[in-house]
Amino acid sequence: MEINIRKFTEADRKHLETYELNEKQQVYSSMPLEVLDDALADKDRTANVVVTGDGKVIGFFVLHKHYQHEGYDTQHEVVYVRSLSINEKYQGNGYGTTVAKNLPVYVQENFSAFDHLYLVVDGENAGAWNLYERAGFLHLATKEEGPIGKERLYYLDLNRNYVPNLRLELDDSVDRPAVRIILKMDDKEAGYIDAEIEGTALDIKHIFVDEKHRGEGVAESAMRQLATSVRRKLDMVETATVTVKDPVYKNLFTAAGFVLVDSPGNTDRYAKLVRY
């Protein structure tokens, strides 16, 4: 699906005048024209549009430097994604997923001095936060009573590699309790994750990335997408676990939200919640 994410130009305004969002969506995402002029007048805010290959403006969002969302204490040198939406007329075509997956690279290219990217999403909208998790965002906190209801805070480390066209697929030919998850790039196999179901845990045994794709961030992006993929395809799994001794590989997992298992003398066992 061909899209282009770029900064707003005045020629885009006429397209935003016919932009549509339903009432529920407007609770968490303002209409573009409601926030556009304030963004253009503020040196810390950048208005952006999403454009299809044939020139339709189908999405909008603001990147806000140094923003602090009410109730969250985040670093000063951050960028927040705000008012992100896809025009209701074009929803249901995969544009939201494509935008989310391309956001990390777009922000890295345009805000190279910043290391941290945040966004807040509707805590009741599982589809929305699954989308961001597939794009590599990590869930940091859930607030039951935020300024506009239940909300979830997501974070993305801009110093990491992100692979927009990576997809995780479960290999249905493998017999349980063994699990193989295929890593696909542009519909071609780029590697796999071997694991085993142990009770309610998916224990990761091995990660392989083929020589062509090594060094591109495939393993890192796969680990960030893992929770969402497992949650959708393996109903019995509640936690992902791994035993890892090499410091380099430990960093691979901790960057994806795995934490050291709290047990005496343990230095090598890590876990991450899949369902929360």
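The figures here come from the full heavy-atom set of this structure, side chains too, leaving out hydrogens, waters and symmetry mates. Bear in mind the structure is a predicted one, so any value in this text is a computation, not a measurement. In this chain, residues are counted from 1 in sequence order.
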So, Gln225 side chain and Leu166 main chain: donor-acceptor pair closer than 3.5 Å or not?
-> yes

Any side-chain heavy atom of Leu252 within less than 4.5 Å of one from Met223?
-> yes

His116 ring center near Phe111 ring center (under 6.0 Å) | no

Leu103 side chain reached by Leu84 side chain, heavy atoms, under 4.5 Å = yes

Is the ring centre of Tyr80 less than 6.0 Å from the ring centre of Tyr67?
-> yes

Is there a donor-acceptor pair under 3.5 Å between the side chain of Arg231 and the backbone N or O of Val274?
-> yes

Under 3.5 Å side-chain donor-acceptor pair for His15 and Asp12 | no

Test item: Asp54 and Lys56 side chains (from C-beta on) under 4.5 Å apart, heavy atoms = yes

Salt bridge between Arg224 and Asp157, side-chain N to carboxylate O under 4.0 Å?
-> no

Tell me, yes or no, whether the heavy-atom count around Lys89 atom NZ, taken from other residues, nucleotides or ligands under 6.0 Å, exceeds 12.
-> yes

Taking atom OH of Tyr249 as the centre, report whether more than 12 heavy atoms of other residues, nucleotides or ligands fall under 6.0 Å from it.
-> no

Does the side-chain hydrogen bond (donor to acceptor under 3.5 Å, both in side chains) test come out yes or no for Tyr19 and Ser85, once each step is laid out?
-> CA-CA 10 Å; Tyr19 207 91; Ser85 66; 2.9 Å; yes

Cut-off 3.5 Å, side chains only: do Thr243 and Tyr270 have a donor facing an acceptor?
-> no

Run the salt-bridge test on Lys205 and Asp194 with the 4.0 Å N-O cut-off and return the result as yes or no.
-> no

Short N-O contact, Asp187 and Lys184, less than 4.0 angstrom = no

Do the non-hydrogen side-chain atoms of Val120 and Tyr154 ever get within less than 4.5 Å of each other?
-> no

Between Asn48 and Tyr106, is any side-chain donor less than 3.5 angstrom from a side-chain acceptor?
-> yes

Any side-chain heavy-atom pair of Asn110 and Thr46 under 4.5 Å = no

Check whether any side-chain heavy atom of Glu238 sits under 4.5 Å from a side-chain heavy atom of Leu273, and report yes or no.
-> no

N/O donor-acceptor pair under 3.5 Å between Thr254 side chain and Phe258 backbone | no

When the aromatic ring centroids of Tyr155 and Tyr118 are compared, is their separation below 6.0 Å?
-> yes

Side chain proximity check, Val99 to Ile5, heavy atoms < 4.5 angstrom | yes

Below 4.5 Å, heavy atoms only, C-beta onward: do Met185 and Glu216 meet side chain to side chain?
-> yes

Basic-acidic side-chain contact under 4.0 Å: Arg13, Glu10 = yes

Residues Arg167 and Glu169 bridged, charged N to O under 4.0 Å = yes

Between the main-chain N or O of Thr267 and the side-chain N or O of Lys250, is there a donor-acceptor pair closer than 3.5 Å?
-> yes

